[in-house]
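Structure first, then comments.
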Amino acid sequence: MVATATETTYKLFIGGEWQDAASGKTFDVINPATEEVIAGIPDAGREDMERAIEAAVAAQPVWGESVAAERATILAEAARRMHQDIERLARVMTEEEGKPLAESRTEIKYAASFLEWYSGEARRIYGETIPANTPDKRILVLKRPIGVTAAITPWNFPAAMITRKLGPALAAGCAMVIKPAELTPLSALELARIFEEVGLPKGVLSVVAGQDPVPLVAPIMEDERVRLVSFTGSTEVGKILIRQSADTVKKLSLELGGQAPFIVFGDADLDEAVDHCVAAKMRNQGEACIAANRIFVQREIKDVFAERLTARIRQMKVGNGLEEGVSVGPLIEPAGLEKVERHVVDAREKGAHVLLGGSRVKNGKGFFFEPTVLVDARDDMLLAREETFGPVAAILPFDSEDEVIRRANATPYGLASYFFTRDIGRAWRLAERLEYGIIGANDGMPSTAQAPFGGVKQSGIGREGGREGLEEFLETKFISFAGVSRKD
């Protein structure tokens, strides 16, 4: 048997030590499938975050000068431990976040892949030489760690959203303070435990969790020694962080809201498009920033696509993610459930037709919503203007390529988009004309550790993953040596 979250004692991880909150307060972590308390953890406040920052500042000089091989070894060993302990880590994730256990296992593998990738990238932080304009000069460019960093992470992918930031930070030689989402802090603390076990020097990593994010984020944004903040979350909060970063001219890496279109043309392989649509829409109950939110289907195939999609989604079992065969778990909290319900009600009132689902699941405890398929949705409906963040597949008909590109781009967001067609010319046109940072061309699951992940417009600043993700944590230093000509 693997240990459950209920059987584990959790404390804050500050400066390499497991500690209670300075206030002595605790808060409860709730299983969204059962509404039961699965763990009580220290409720950190400003003083705790300030101690974590001080520990990171103290550790930064030594970690920043460590050799690449040392950093690479620690990252690779942490990834190995994650694979080794996958059942326990996955169970804890399902208990606190709700996603089916199979998806939690997949996320642990995905999270470990960032540590594996950046263990290699740590060895490839290269500088360069540049030809000088006089014979007595030599020009060098060096890459140096930016310094102390902080990560503010979301609840929907509580392990992968950490390692996607922590991996490149550690590879670059940066200490990091993590503030995980208050709804899902346990996975973050489990990762801290792994890094402690593999010998990460004290102070290089701290995990500070609390019920109120404001007193935890304030010292991060106010302290000029914290040189970069990496945040994944809503655009509204991202804008607040941009304003707060101004006084210290702090670098920000922001992965914000999405409004992903999923476009299916009449010439697409329909079975393939349906398979990818189910994956892009229903993974994590639709609670993903790159989840398909507007499913545009060419009018000539709308009915057959809707029929096949409905048949597939009807087979999906709803329930506690720890139960065998469950593929749709609960939403994270009552507010999320209420938003999904509001979107469906609004769509119905404006003329959309429900082919499947459309209501809360009334089975006692838990924040469950039925897997839902709607047809004849329109651009003026809430579900086409906001992230639904739930298991609702809304089909919007379209007629022409130019029309659907215009409608797909008619949003302030630009994170991910997907399209399905067998026309190679059309594929190139869409790849170039869709205003999104991530394009899935006949691919509903494009994310991978070695590729840059991020959005345009109000979906974010910077990139995570790939070599671009490492560059976020590096400063470029230009050195000009004069007087190096040979003298007799």
Side-chain angles (χ1 to χ4, degrees), residues 11-22 42 44-79 81 114-115 118-119 121-123 125 142-153 162-180 185 188-210 216-231 248 250-251 253 469-470 472-475 477:
K11 293 192 175 185
L12 307 176
F13 188 67
I14 299 177
E17 304 291 338
W18 296 98
Q19 304 179 18
D20 290 320
R46 184 183 183 101
E47 183 179 343
D48 303 296
M49 183 58 76
E50 289 174 344
R51 284 190 289 118
I53 293 172
E54 291 296 338
V57 169
Q60 180 58 45
V62 174
W63 184 247
E65 295 300 326
S66 63
V67 297
E70 176 188 351
R71 302 195 298 273
T73 298
I74 287 175
L75 286 166
E77 179 60 17
R81 295 287 183 96
F114 287 101
L115 304 184
Y118 286 110
S119 71
E121 288 297 283
R123 303 174 187 270
I125 300 175
L142 301 181
K143 297 290 186 176
R144 300 292 296 162
I146 195 170
V148 173
T149 64
I152 304 171
T153 59
I162 288 177
T163 58
R164 199 160 73 184
K165 303 172 190 299
L166 181 61
L170 296 182
C174 298
M176 176 169 272
V177 175
I178 296 172
K179 191 216 80 67
L189 294 168
E190 292 287 354
L191 288 173
R193 196 186 313 276
I194 286 173
F195 276 98
E196 179 190 35
E197 291 172 354
V198 301
L200 185 68
K202 290 186 175 184
V204 175
L205 170 64
S206 291
V207 176
V208 187
L216 300 182
V217 174
I220 290 174
M221 302 308 296
E222 293 166 5
D223 197 321
E224 63 181 10
R225 299 172 300 176
V226 179
R227 295 309 311 140
L228 176 145
V229 174
S230 182
F231 169 75
T248 58
K250 205 179 303 293
K251 184 176 181 180
S253 175
L470 184 62
E472 297 286 331
F473 293 88
L474 294 169
E475 296 279 25
K477 183 178 290 188

**OP:** Calculate, to the nearest 0.5 Å, the distance between atoms CD1 and CG belonging to Ile152 and Leu216 respectively.
**Re:** 9.0 Å

Original post:
What closest approach, in Å, do Met221 and Val229 show between heavy atoms, and which atom pair accounts for it?
Top reply: SD-CG2, 3.9 Å

Subject >> Any side-chain donor near an acceptor of the partner, Gln60 and Arg225, under 3.5 Å >> reply: no

**OP:** Decide yes or no on side-chain contact (heavy atoms from CB on, under 4.5 Å) for Leu166 and Met176, but give the supporting numbers first.
**Re:** CA-CA 7 Å; Leu166 181 61; Met176 176 169 272; 3.9 Å; yes

Subject >> Electrostatic pair Arg46:Glu222 at N-O distance under 4.0 angstrom >> reply: yes

Original post:
For Gly210, does its backbone N or O pair with a side-chain atom of Lys179 as donor and acceptor, under 3.5 Å?
Top reply: no

Subject >> Flag side-chain contact, heavy atom, 4.5 Å: Val207 against Leu191 >> reply: no

Subject >> Pair Arg71 + Glu121: basic N to acidic O under 4.0 Å >> reply: no

Original post:
Is Trp63 close to Leu205 at the side-chain level, that is, under 4.5 Å between some pair of heavy atoms?
Top reply: no

Original post:
Step by step, would you call Arg227 with Lys251 a side-chain contact (heavy atoms from CB on, under 4.5 Å)?
Top reply: CA-CA 6 Å; Arg227 295 309 311 140; Lys251 184 176 181 180; over 6 Å; no

Subject >> Nearest-0.5 Å distance that lies between atom CD in Glu50 and atom CD1 in Ile220 >> reply: 11.0 Å

**OP:** Let me see the working for Ile178 and Phe13 under side-chain contact (heavy atoms from CB on, under 4.5 Å), right down to the final yes or no.
**Re:** CA-CA 10 Å; Ile178 296 172; Phe13 188 67; over 6 Å; no

Original post:
Looking at Ala188 and Ile162, what are the two nearest heavy atoms and their distance?
Top reply: CB-CD1, 3.3 Å

Subject >> Heavy-atom donor-acceptor pair, Thr149 side chain to Ala175 backbone, under 3.5 Å >> reply: yes

Original post:
What are the two closest non-hydrogen atoms of Gly15 and Lys202, and how far apart are they?
Top reply: O-CB, 3.7 Å

Original post:
What pair of heavy atoms forms the shortest contact from Ser119 to Leu75, and how long is it?
Top reply: CB-CB, 3.8 Å

**OP:** Give, for atom CG of Leu200 and atom CD of Glu70, the distance between the pair rounded to the nearest 0.5 Å.
**Re:** 9.0 Å

Original post:
Is any side-chain heavy atom of Pro219 less than 4.5 Å from a side-chain heavy atom of Ile53?
Top reply: yes

Subject >> Spacing of Thr163 atom OG1 and Tyr118 atom OH [to the nearest 0.5 Å] >> reply: 10.0 Å

Subject >> Minimal non-hydrogen separation, Gly147 against Cys174, with atom names >> reply: O-CB, 3.2 Å

Subject >> Atom pair CD1 (Ile14) and CG (Asp20), whose distance is rounded to the nearest 0.5 Å >> reply: 10.0 Å

Original post:
Would you say Lys143's side chain and Ala172's backbone share a donor-acceptor pair under 3.5 angstrom?
Top reply: no

Subject >> Whether Asp48 side chain and Ala22 backbone form a donor-acceptor pair below 3.5 Å >> reply: yes

**OP:** Check Ser206 against Ala52 and note the closest heavy-atom contact, atom names and distance.
**Re:** CB-CB, 3.8 Å

Original post:
Once you round to the nearest 0.5 Å, how far does CG of Leu189 lie from CD of Glu196?
Top reply: 11.5 Å

Original post:
Do NZ/NE/NH1/NH2 and the carboxylate oxygens of Arg193 and Glu197 come within less than 4.0 Å?
Top reply: no

**OP:** In sequence, state the C-alpha distance, the side-chain angles, and the governing distance for Leu228 and Phe473, and then conclude on side-chain contact (heavy atoms from CB on, under 4.5 Å).
**Re:** CA-CA 8 Å; Leu228 176 145; Phe473 293 88; 3.6 Å; yes

Original post:
Any donor-acceptor pair under 3.5 Å linking the side chain of Glu77 with the backbone of Val198?
Top reply: no

